Amino acid sequence: VYKRQYQRRVHGVFTNTQSVLAPIDSTVTAIDKVNGKYKIYCKVGLLNNHILRAPIDASMKIKKYKHGLNLNPNSYKASLYNEQIVLKFDDIKVKLISGLCNSKIQRMYETNVSQGDKLTVFLDGMMTITVQDTNELSIKVGDKLTAGQSILFKK
(Lines give C-alpha, C1' and ligand atoms only; values in the text may rest on other atoms or scores of the structure.)
Protein backbone atom coordinates (compact mmCIF):
# COMPACT_ATOMS: atom_id res chain seq x y z
CA VAL A 1 0.00 0.00 0.00
CA TYR A 2 1.37 3.38 -1.03
CA LYS A 3 1.01 6.06 1.62
CA ARG A 4 1.82 9.64 0.79
CA GLN A 5 2.99 11.84 3.60
CA TYR A 6 2.20 15.52 3.50
CA GLN A 7 4.41 18.06 5.15
CA ARG A 8 2.42 20.65 7.00
CA ARG A 9 3.54 24.20 6.34
CA VAL A 10 4.22 25.90 9.66
CA HIS A 11 4.46 29.69 9.91
CA GLY A 12 6.81 31.49 12.19
CA VAL A 13 5.07 34.21 14.16
CA PHE A 14 6.65 37.64 14.01
CA THR A 15 6.19 39.51 17.30
CA ASN A 16 6.61 43.27 17.36
CA THR A 17 4.71 45.47 19.78
CA GLN A 18 5.08 48.43 17.40
CA SER A 19 2.98 46.82 14.66
CA VAL A 20 -0.39 45.15 14.11
CA LEU A 21 -0.24 41.77 12.37
CA ALA A 22 -2.74 40.01 10.11
CA PRO A 23 -4.99 37.74 12.18
CA ILE A 24 -5.48 35.06 9.48
CA ASP A 25 -4.19 34.08 6.03
CA SER A 26 -6.36 35.85 3.47
CA THR A 27 -6.47 38.17 0.46
CA VAL A 28 -7.42 41.86 0.78
CA THR A 29 -10.47 42.44 -1.44
CA ALA A 30 -11.36 46.03 -0.49
CA ILE A 31 -10.42 48.91 1.82
CA ASP A 32 -13.04 51.54 2.71
CA LYS A 33 -12.78 54.71 4.77
CA VAL A 34 -16.03 55.24 6.70
CA ASN A 35 -16.68 57.67 9.58
CA GLY A 36 -13.02 58.12 10.48
CA LYS A 37 -12.21 54.41 10.31
CA TYR A 38 -10.65 52.05 7.79
CA LYS A 39 -12.57 48.87 7.00
CA ILE A 40 -10.33 46.20 5.51
CA TYR A 41 -12.26 43.39 3.79
CA CYS A 42 -10.43 40.07 3.38
CA LYS A 43 -11.45 36.79 1.73
CA VAL A 44 -10.40 33.66 3.61
CA GLY A 45 -10.28 30.78 1.13
CA LEU A 46 -10.18 27.03 1.55
CA LEU A 47 -6.50 26.92 0.54
CA ASN A 48 -5.40 29.38 3.22
CA ASN A 49 -4.05 28.51 6.66
CA HIS A 50 -7.14 28.56 8.89
CA ILE A 51 -5.68 29.52 12.28
CA LEU A 52 -7.00 32.83 13.66
CA ARG A 53 -4.30 34.64 15.67
CA ALA A 54 -4.27 37.67 17.95
CA PRO A 55 -3.10 40.75 15.97
CA ILE A 56 -1.78 42.59 19.07
CA ASP A 57 -1.18 42.17 22.81
CA ALA A 58 -4.57 43.12 24.23
CA SER A 59 -7.65 42.14 26.12
CA MET A 60 -9.91 40.24 23.69
CA LYS A 61 -13.63 40.88 24.04
CA ILE A 62 -16.45 39.17 22.17
CA LYS A 63 -18.84 41.88 21.01
CA LYS A 64 -21.27 39.68 19.09
CA TYR A 65 -21.77 35.99 18.35
CA LYS A 66 -24.57 34.94 16.03
CA HIS A 67 -25.52 31.42 15.00
CA GLY A 68 -26.63 31.23 11.41
CA LEU A 69 -26.47 29.73 7.96
CA ASN A 70 -23.56 29.13 5.60
CA LEU A 71 -24.49 31.09 2.49
CA ASN A 72 -22.05 32.52 -0.05
CA PRO A 73 -20.11 35.12 2.00
CA ASN A 74 -19.98 37.56 -0.95
CA SER A 75 -23.73 38.14 -0.91
CA TYR A 76 -25.68 40.74 1.05
CA LYS A 77 -27.79 38.02 2.68
CA ALA A 78 -24.64 36.46 4.16
CA SER A 79 -24.07 39.55 6.32
CA LEU A 80 -27.59 39.10 7.69
CA TYR A 81 -28.01 35.34 7.99
CA ASN A 82 -24.56 33.69 8.14
CA GLU A 83 -22.90 32.64 11.36
CA GLN A 84 -20.60 35.41 12.58
CA ILE A 85 -18.52 36.65 15.45
CA VAL A 86 -17.15 40.10 16.26
CA LEU A 87 -13.96 40.33 18.34
CA LYS A 88 -12.47 43.51 19.80
CA PHE A 89 -8.78 43.95 20.63
CA ASP A 90 -8.46 47.43 22.23
CA ASP A 91 -9.19 49.74 19.24
CA ILE A 92 -9.18 46.99 16.56
CA LYS A 93 -12.39 45.16 15.62
CA VAL A 94 -12.31 41.85 13.72
CA LYS A 95 -15.56 40.48 12.24
CA LEU A 96 -15.68 36.94 10.84
CA ILE A 97 -18.58 35.90 8.58
CA SER A 98 -18.68 32.18 7.82
CA GLY A 99 -18.74 30.87 4.27
CA LEU A 100 -20.13 27.82 2.53
CA CYS A 101 -17.71 25.29 4.02
CA ASN A 102 -17.68 26.30 7.70
CA SER A 103 -19.55 23.92 9.92
CA LYS A 104 -19.49 26.25 12.93
CA ILE A 105 -17.28 29.03 14.31
CA GLN A 106 -15.76 27.71 17.50
CA ARG A 107 -16.81 29.73 20.52
CA MET A 108 -13.99 31.69 22.20
CA TYR A 109 -13.81 33.21 25.65
CA GLU A 110 -12.86 36.73 26.66
CA THR A 111 -9.26 36.78 27.85
CA ASN A 112 -5.95 38.60 27.63
CA VAL A 113 -3.98 37.52 24.56
CA SER A 114 -0.44 38.00 23.32
CA GLN A 115 0.37 38.89 19.74
CA GLY A 116 0.33 35.74 17.60
CA ASP A 117 -1.63 33.55 20.05
CA LYS A 118 -3.86 30.95 18.39
CA LEU A 119 -7.53 31.78 19.00
CA THR A 120 -9.63 29.45 16.84
CA VAL A 121 -10.00 27.79 13.44
CA PHE A 122 -11.90 29.56 10.65
CA LEU A 123 -12.20 27.61 7.38
CA ASP A 124 -13.85 29.86 4.83
CA GLY A 125 -15.56 33.22 4.62
CA MET A 126 -15.01 36.95 4.96
CA MET A 127 -13.09 38.89 7.57
CA THR A 128 -13.50 42.62 8.18
CA ILE A 129 -10.89 44.50 10.21
CA THR A 130 -11.89 47.96 11.46
CA VAL A 131 -9.20 50.41 12.64
CA GLN A 132 -8.88 54.16 13.16
CA ASP A 133 -7.94 56.16 10.04
CA THR A 134 -5.10 57.85 11.96
CA ASN A 135 -3.08 54.69 11.25
CA GLU A 136 -1.11 54.49 8.00
CA LEU A 137 -1.93 51.15 6.39
CA SER A 138 0.96 49.17 4.91
CA ILE A 139 -1.32 46.96 2.78
CA LYS A 140 -3.33 47.49 -0.39
CA VAL A 141 -6.10 45.74 -2.29
CA GLY A 142 -4.95 42.42 -3.73
CA ASP A 143 -2.26 41.76 -1.11
CA LYS A 144 -2.04 38.25 0.30
CA LEU A 145 -1.81 38.32 4.08
CA THR A 146 -0.07 35.73 6.23
CA ALA A 147 -1.27 35.25 9.80
CA GLY A 148 1.25 36.43 12.36
CA GLN A 149 3.66 37.76 9.71
CA SER A 150 2.03 40.39 7.47
CA ILE A 151 2.04 43.88 9.02
CA LEU A 152 -1.27 45.75 8.61
CA PHE A 153 0.05 49.01 10.06
CA LYS A 154 2.50 50.39 12.61
CA LYS A 155 1.22 51.90 15.85
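Just so it is clear, the structure is predicted and the values come from calculations on it, not from any experiment. Position 1 is the first residue of the sequence; numbering continues from there.
Using modelled atom types, one finds no donor on one side chain facing an acceptor on the other under 3.5 Å when comparing Gln132 with Tyr38. Between the side chains of Ser98 and Asn70, at least one donor-acceptor pair of N or O atoms lies under 3.5 Å.
At least one donor-acceptor pair under 3.5 Å links the side chain of Gln115 to the backbone N or O of Ser19. The backbone N or O of Leu123 lies less than 3.5 Å from a partner atom in the side chain of Asn102, making a donor-acceptor pair. Between the side chain of Gln18 and the main chain of Asn16, no donor-acceptor pair closer than 3.5 Å is present. With hydrogens and angles disregarded, a donor-acceptor distance shorter than 3.5 Å links the side chain of Glu83 to the backbone of Ile105. Between the side chain of Glu110 and the backbone N or O of Ile62 there is at least one donor-acceptor pair closer than 3.5 Å.
Cluster membership check: Ile24 does not share its hydrophobic cluster with Leu21, using side-chain heavy-atom separations under 4.5 Å among Ile, Leu, Val, Met, Phe, Trp and Tyr. Linking Ile, Leu, Val, Met, Phe, Trp and Tyr whenever their side-chain heavy atoms come within less than 4.5 Å puts Leu137 and Leu145 in one cluster. Both Val141 and Val44 are members of a single hydrophobic cluster when ILVMFWY side chains are connected at heavy-atom separations under 4.5 Å. No path of Ile, Leu, Val, Met, Phe, Trp and Tyr side chains, each step under 4.5 Å between heavy atoms, connects Ile31 with Ile151, placing them in separate hydrophobic clusters. Under the 4.5 Å side-chain contact rule for hydrophobic residues, Met126 and Ile92 do not share a cluster.
In this structure, the separation between CD1 on Ile97 and OH on Tyr41 is 9.0 Å, given to the nearest 0.5 Å. Here Thr134 contributes atom OG1 and Lys155 contributes atom NZ; the two are 12.5 Å apart, rounded to the nearest 0.5 Å.
Using a cutoff of 4.0 Å between basic side-chain nitrogens and carboxylate oxygens, Asp133 and Lys39 are not scored as salt-bridged.
The 12-atom threshold is exceeded at NZ of Lys88, counting heavy atoms of other residues, nucleotides or ligands nearer than 6.0 Å.
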What do the steps show when you test Lys43 against Asp124 for salt bridge (charged side-chain N to carboxylate O under 4.0 Å, His left out), and what is the final call? CA-CA 8 Å; Lys43 171 71 174 134; Asp124 169 49; 3.1 Å; yes
